[in-house]
Each structure stands twice: as structure tokens, then as C-alpha cells.
Amino acid sequence: MVLLKIKFTQQRRVHLAQGLWLLSWTAVIWGAIIFCLGVYLKMELLRRDEVMDNTEIHVVPNILMIVGLASIGTNWVASCVCQDSLDATRFPRWKVLLLGWFAVAAVLCCLLISVVALSFAVQGRLEESLKVGLRNGIRFYKDTDVPGRCYQKETIDRLQMEFRCCGNNNFKDWFEVQWVSSRYLNFTSKDVKDRIRSNVDGRYLLDGVPFSCCNPSSPRPCLRYTLTDNNAHFNYEYQSEELNLYSRGCRQALTDYYMELMNSTGPVVLSVILIQMSVLLGMRYLQTAVEGIMALEDPEGESDGFLLEKGVKETMEDLKVKALILLQFWLVDPIAPEGSSEDADLEKAEKEASPTPAS
Amino acid sequence: MPFMPVKFNLQKRVKLAQGLWMIYWLSVIVGILIFSLGLFFKVELRKRSEMMDNNESHLVPNLLILVGLLAGGVSAFGGKVCHDSLDPVKFAKWKPMLKPYLLLCCGFNVLMLFTALLCFLMQFAVYLTLAEGLKNSIKFYKDTDTPGRCFMKRTLDMTQIEFRCCGNNNFRDWFEVQWISNRYLDMSNDLVKDRVLSNVEGKYLMDSVPFSCCNPGSPRPCIQHHLTNNTAHYDYDHRIEELNIWSRGCREALFAYFSSMMNSIGVLILFTIMLESLDMAGLKYLATALETMEDPENPECESEGFLLEKGVKETFADLFVKMKMLRGGNEVEGGEAAEAT
């Protein structure tokens, strides 16, 4: 009992081949779009590489790029097959490749589905990575004279200005870190000495933030030092001041930005999955229809196109049997049949004859 | 004696028509490009209009939009004529319109030349508008409670951050202006009272700059206050400190931006003028080649195409005579009317 049989006249076959050719070229273009999306996402992740602790999230754009390239190749092959399908002399050379092609197309669809799932699953890892990366960035902000960390200050400043954020969770992260380098501190000053002695690690801690945390939309010129002291500034209340600095943390800002990017690739990936599945199904119908015609040796006649030769259950059982046979061959070989049992005995005898170190 | 005659056989005519058709479509694309650049320029001027006192002249972008649309239209028409030129029936439809069309193209080229000149010359106007506008912007920086100027602070801060500049000429422009609103000044404080009394107009002047002047590339956390006082900061000398705040003035930065935009648009228009002239010459050759066919029924015959029927001097002399006749005709008519009354 064949699965989803359709009768194909010659005209229908021609239409199918033409339609499938067009569809596979559309799929090639969409594959190129997926590749470009992957490249863009990778570039954006690389730009902010310095505030990320690990590169686990790069798996999403990497898969997108691989799938894009593979999709371009696979669908280009599909279009070649379609072109040759109506010519009885040229089609047979594709027959062998087609099983492999179906496997590759199925793997591509699975990879695309996994990308969609991954882009949701990876949010937690991204936040972790950003948390550690930003914490280090804030810690090394002052080290503009240490090789390898010279540009940390500029990176963090530009990041805070561009994404309109301050600190890791919020601006208070800057209170816990010494972000003014000791080169610019006057150690003879009483204020500096007091602050350094006020904590165990001997760090110069301030209730102040760098200038890049300032919010230009504030009606008041930016206040960034002695933030917790209401008396230090005229008409200022620390608890109710909202617009002075950016209230959002950079981890939240960056996570939102990247999740938005990845979610916007969602619809594109879903449409590519649909197109790829249609190409897969169409190719199967075309293959079975053309093979049927070639068996009949009447190019103008009717033939049947189907998805599976037998029903789903029977096909699965057939596959199981084939797999078992293959497995048996692989397993039976080491457990020797008649001919090689004598060799095994000989080996055993040799082992006994050779002197063992213990005896 | 025709001016620059060229002999054409059928193959040459066909090649000329095809080549000219492609060049016309290239001109259409260039026209669309000019239109989009005009729109972009207009949007950019609008975005920065607060820095220019809302006084800026939109003449150049409006003209660019018009020129872009006209170029597209004129070239599309020319392309259609070329497309029909090798079919005598269709071409006969277009024949009477060719002379006015070529005159229109001449006029359009003159308009484009005028636009290109404006692109290069209006930069002076932009410079002056920027100088005046930025001076006022800095003056109104503190007025975040005055309707109509609430967002001046934000706009100026964003501009200084984006264009990496500080003040009008340089950062010292901020020293001459009170940029902190009185709402945030404690008038009972002695320091504040001293500063206010220290100048004739009673302004609270400081040697400080807003945070948007800070340079993130500085190795040191930004020093924005007491900039001229070396003792206020540890290990600081204001004469040799270079990276702390942006050293460039915003007038220079904004002018460089707009001037490079206007220069490239001007160059593009000059290129378009050359392209349009090439189109006109090609169309004239094609039209004359088709007209001078000895045997209209036989498409394979040879013909001669030229730019002008007589030489350059004679054509101008003819034009001069025609203009005189037109004027003379008016005078004669005027004289007759005078006699009749």
C-alpha cells in the first residue's frame, strides 16, 4: 500500500519539474540569505567579544552559516536534477545520488529546526557569559597601562554610551570597584588615605560613576560623584533621581539586543524550513514518477508518484530488518564462523606455549 | 557642410540604438540615485536643524530632488524613443517630438550645471549658519525648562558625542556661557555668589565643560571641572593634556560632514551632465541617421548621421538671424499698430 500516491500525466510531470526547478532556485536564494544572516550575527558577536567570557553563543551563527552554504549546494543540485529529469538519457546518472541527497536535505531541515530551538535555549548561557565578561571589564577599567587591557576603558565607555546602560546589573556596580587608576591618586591627600583604609583590600572606592553612564536626556547637567550624598548637591535626592544616569544594566541591554537579533532571524529560518521540505517532497514525487515512466519505457504515458513504496509501518520494519542484517554482519565477524575457529585455537595454543613471566 | 558626420549602415544603426538604450537606462538609475541623495541630504539637514537655529536653507536638497525626478523622466522617455527607433512605423510617432525634446535636454543640462554650482557654493552658507546656530545652542543649553528649547541640551550632548567635538570653535566656548540652570544653583552658597558677582552680567561661569565633551580614549577618568587649574587635580597639566576632552570644535566637525556630502553630490551631478550630453549626442546621431536614409523602404541602405546640419558658426549665425527676425517682426507689428491708431 503506497503512501500518498498521485497519478502523473506527462504534462503534470513537466509542470512538476518546472515548478520544482523554480522552487529550488528560490531555496538557493533563501540559503544565501541565511548565510548572510549568519555572517551578520557573527560579526555583531565578534564586535562585543571583549565583554563576553566564552564563545558558546557562536554556535548559532556558525550553524546558520554552514546550513546556508549547504542549502545553496543542495538546492543547486536539486535544480540540476529537475532540469535533467525529463530527459530519459540524462536522468539515470542522478539516480544514485538521490538517496544521498534526501539524507542531506533531511539533515538540513533538522539542523534548521535545531537552530530555532538553540536561539531560545542559549539565552541563559549568553547572560552568564556577559555577566562574567562585564564584571571583568569593570574590574580592569582602570588598567589602561597594562598590556592587553589598555583598551578596556574605551570599550566599556563606548559600550555604555551606545547601549545607554551603566554597570553590570546597574550603576551601583561601579561603587564596588576601584575604577580610578592609582597613578592618578594623590596618596598624600587625607581623603584618599581615608577611603583606602576604609576597606580590607585597600582599594580606592567611590560612590561615583564614569562619565559614560551619564544620560543626555537629563534636564540637569550630569552628577556623577558623591551620588549617595543628598547634601553634596543642591536640590538633589538620590532615591528619586531617575534621569541623571542610565538606569539599565549593560548585561540586560546586551542580552535584549542579541535576543532580538536572533528572534528576528526566526521567521526567515521557518520559511526556509518550509521551502526545503517542499523541495524534498517534490523531489521524491518527481523521482518516483520519472522512474515509473522509465520502467514503462513510454515517455508520454502515465505513471504513479508516491512518497513511500509501502506504508509507513512496513517501511520502518523494512528499514529495521536491513539495519539488523548490517548489524549482524558487523557483530558476527569477530565471533568467528567455521573457518576461522581453527585459527583461534592455534592462537590459544601459542599463548600457552610461550613462557609466562610468573612461571 | 554638416558638423561631425558619421556614416551608418544597418548594423551600425542597430548597435547605436541598443547602446544608447542602455546608456539611457543607466541615466535613469543615476537619476534615482540623485533623488535618493537629495532626500538623504534633506533628512540630515532636518536632523541637525536645531544646531543651525532652524534657519538652514533647503534649496539644495529640494533642487536635487527635482533634478533627480526630471533626470529619471527625461531618460526614460529617451530610452523609449531608442527602443522604437528601428521600427519605422513606431519611430514616425516620435519624430516630431525630437526637436523639442533635445531642446528640453539642453535646458535640463543647464539646470544641472546650476545645481552643481550651488552644491559647491552653498557650503559657505552652511558654514555661517552652523557658526551662528551652535553659538545659540550653547547659550540655550541650560534652558531645559523653556518650551521650544527643552531638548537643546540633549541634542547638543548627542551631537558632541556623535561627532566627537566640544563647543563651537573649541572647548573654551563653554567657559564663556552659563550652562548650568539657576534651578540647580544654591544661591545662598558663598562660592556661587562669588562667581555670579565676578562678571558684569551676573552669570555663573566656570572653567568646566559638560560630560559629552569627554573623550573615552583617554587613559584617565574624565576631568570635566576646574580644567585650567592644575592644582585641582593630581598629576595634571592643562597645557599638555590632549586626550582628556575632544579638542575639535563642533562647527568644524559638522561642516566637514556636510561639506563632504555636498562635494560628492556635486561630483555626481557633473558626471550626470556628461552622461546626459552623451545621450543627447547619441540621439541626434540616431535621429539624423534614420532621417537621411536614401531609400526609406530598404532598411539595409546606408545613411549619414551628424550633430549639426551646418557648421557651428553657421548654426549660431542662423539662430541670431532668426532671433533678430522675431524681434524685428514685433517692431514692425508695433509700428503698424501705431500707424493704425
Side-chain angles (χ1 to χ4, degrees), chain A residues 141-146 149-162 164 166 174 177-189 191-192 204 206 208-225 231-237 241 243-246, chain B residues 141-146 149-162 164 166 174 177-189 191-192 204 206 208-225 230-236 241 243-246:
Chain A
Y141 183 85
K142 67 183 187 334
D143 296 335
T144 47
D145 53 347
V146 175
R149 295 185 204 155
C150 311
Y151 292 108
Q152 200 76 279
K153 175 182 178 292
E154 192 172 347
T155 309
I156 295 281
D157 278 334
R158 287 204 190 283
L159 186 78
Q160 292 192 145
M161 288 199 287
E162 193 179 322
R164 304 182 191 212
C166 187
W174 289 104
V177 157
Q178 178 181 345
W179 55 271
V180 184
S181 173
S182 298
R183 315 201 289 293
Y184 307 118
L185 292 173
N186 182 5
F187 286 99
T188 57
S189 146
D191 173 62
V192 175
Y204 179 75
L206 296 170
V209 293
F211 77 93
S212 42
C213 282
C214 286
N215 185 355
S217 306
S218 164
R220 175 176 198 158
C222 185
L223 297 167
R224 51 186 188 98
Y225 289 112
N231 297 325
H233 315 279
F234 181 64
N235 193 12
Y236 170 71
E237 202 187 302
E241 192 68 44
L243 282 175
N244 185 39
L245 305 171
Y246 292 126
Chain B
Y141 182 84
K142 66 181 189 333
D143 296 336
T144 46
D145 53 348
T146 310
R149 294 186 204 151
C150 314
F151 294 110
M152 189 62 91
K153 177 183 178 292
R154 194 179 85 168
T155 313
L156 191 52
D157 277 335
M158 304 290 275
T159 306
Q160 291 193 145
I161 292 175
E162 193 182 327
R164 306 184 185 200
C166 187
W174 290 105
V177 156
Q178 177 180 346
W179 54 272
I180 298 190
S181 172
N182 284 337
R183 315 200 290 293
Y184 308 117
L185 290 173
D186 182 8
M187 292 302 184
S188 56
N189 183 316
L191 277 167
V192 175
Y204 180 79
M206 303 183 286
S208 313
V209 292
F211 78 92
S212 42
C213 282
C214 287
N215 181 356
S218 163
R220 175 176 200 157
C222 186
I223 297 171
Q224 342 162 204
H225 301 288
N230 284 348
T231 50
H233 316 279
Y234 182 66
D235 192 16
Y236 172 72
E241 192 66 45
L243 284 174
N244 186 39
I245 49 179
W246 299 118

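No hydrogens, no waters, no symmetry mates; every other heavy atom, side chains included, goes into these values. Every chain is numbered from 1 and lettered A, B, ... according to where its sequence line falls, protein lines coming before strand lines.
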Query raised in the report: Where on S217(A) is there a heavy atom nearer than 4.5 Å to chain B: the side chain, the backbone, both, or neither?
Result: both
Report summary line: Residue set satisfying salt bridge (Lys or Arg N to Asp or Glu O under 4.0 Å) with E162(B), at least two apart, ordered chain then number -> R48(B)
Query - Engaged part of D235(B) at the chain A interface, taking heavy atoms whose separation is under 4.5 Å - result: side chain
Query raised in the report: Side chain, backbone, both or neither: which part of L156(B) has a heavy atom under 4.5 Å from chain A?
Result: neither
Query raised in the report: Of the backbone (N, CA, C, O) and the side chain (C-beta and beyond), which part of P221(B) lies under 4.5 Å from a heavy atom of chain A, both, or neither?
Result: both
Report task. With rounding to the nearest 0.5 Å, note down the distance linking SG in C222(A) to CG in N215(A). Result -> 8.5 Å
**Report entry** Residue that, paired with D143(A), satisfies side-chain hydrogen bond (donor to acceptor under 3.5 Å, both in side chains) out of Q152(A), R149(A), K153(A)
**Finding:** R149(A)
Query raised in the report: Counting only N and O atoms by type, is there a donor-acceptor contact under 3.5 Å from the side chain of H233(A) to the main-chain atoms of Y225(A)?
Result: yes
Query raised in the report: For R220(B) and H233(B), what are the C-alpha separation, side-chain angles and deciding distance, and is it a side-chain contact (heavy atoms from CB on, under 4.5 Å)?
Result: CA-CA 12 Å; R220(B) 175 176 200 157; H233(B) 316 279; 4.2 Å; yes
Report summary line: Taken in chain and number order and not counting sequence neighbours, the residues that satisfy side-chain hydrogen bond (donor to acceptor under 3.5 Å, both in side chains) with N189(B) are none
Report summary line: One option among R220(A), R224(A), E154(A) has the most heavy-atom pairs under 4.5 Å with chain B, and it is R220(A)
Report task. Heavy-atom distances under 4.5 Å only: say whether P210(A) touches chain B with side chain, backbone, both or neither. Result -> neither
Query raised in the report: When you check the side-chain N and O atoms of R149(B) and T144(B), is any donor under 3.5 Å from an acceptor?
Result: no
Requested in this report: Name all residues meeting the ring pair (Phe, Tyr, Trp, His ring centres under 6.0 Å) criterion together with Y141(B); count only those two or more places apart in sequence or in a different chain, and write none if there are none.
Outcome: W174(B)
Query raised in the report: For the rings on W174(A) and Y141(A), is their centre-to-centre separation under 6.0 Å?
Result: yes
Query raised in the report: Counting heavy-atom pairs under 4.5 Å to chain A, which of W179(B), Y234(B), F151(B) comes out on top?
Result: Y234(B)
**Report entry** I161(B) versus chain A, the contacting section by heavy-atom distance below 4.5 Å
**Finding:** side chain
Query raised in the report: Within residues 182-189 of chain A, which positions have a heavy-atom distance to chain B below 4.5 Å?
Result: R183(A), Y184(A), L185(A), N186(A)
Report task. Look up atom OG in S218(B) and atom CH2 in W246(B), then write down how far apart they are to the nearest 0.5 Å. Result -> 10.0 Å
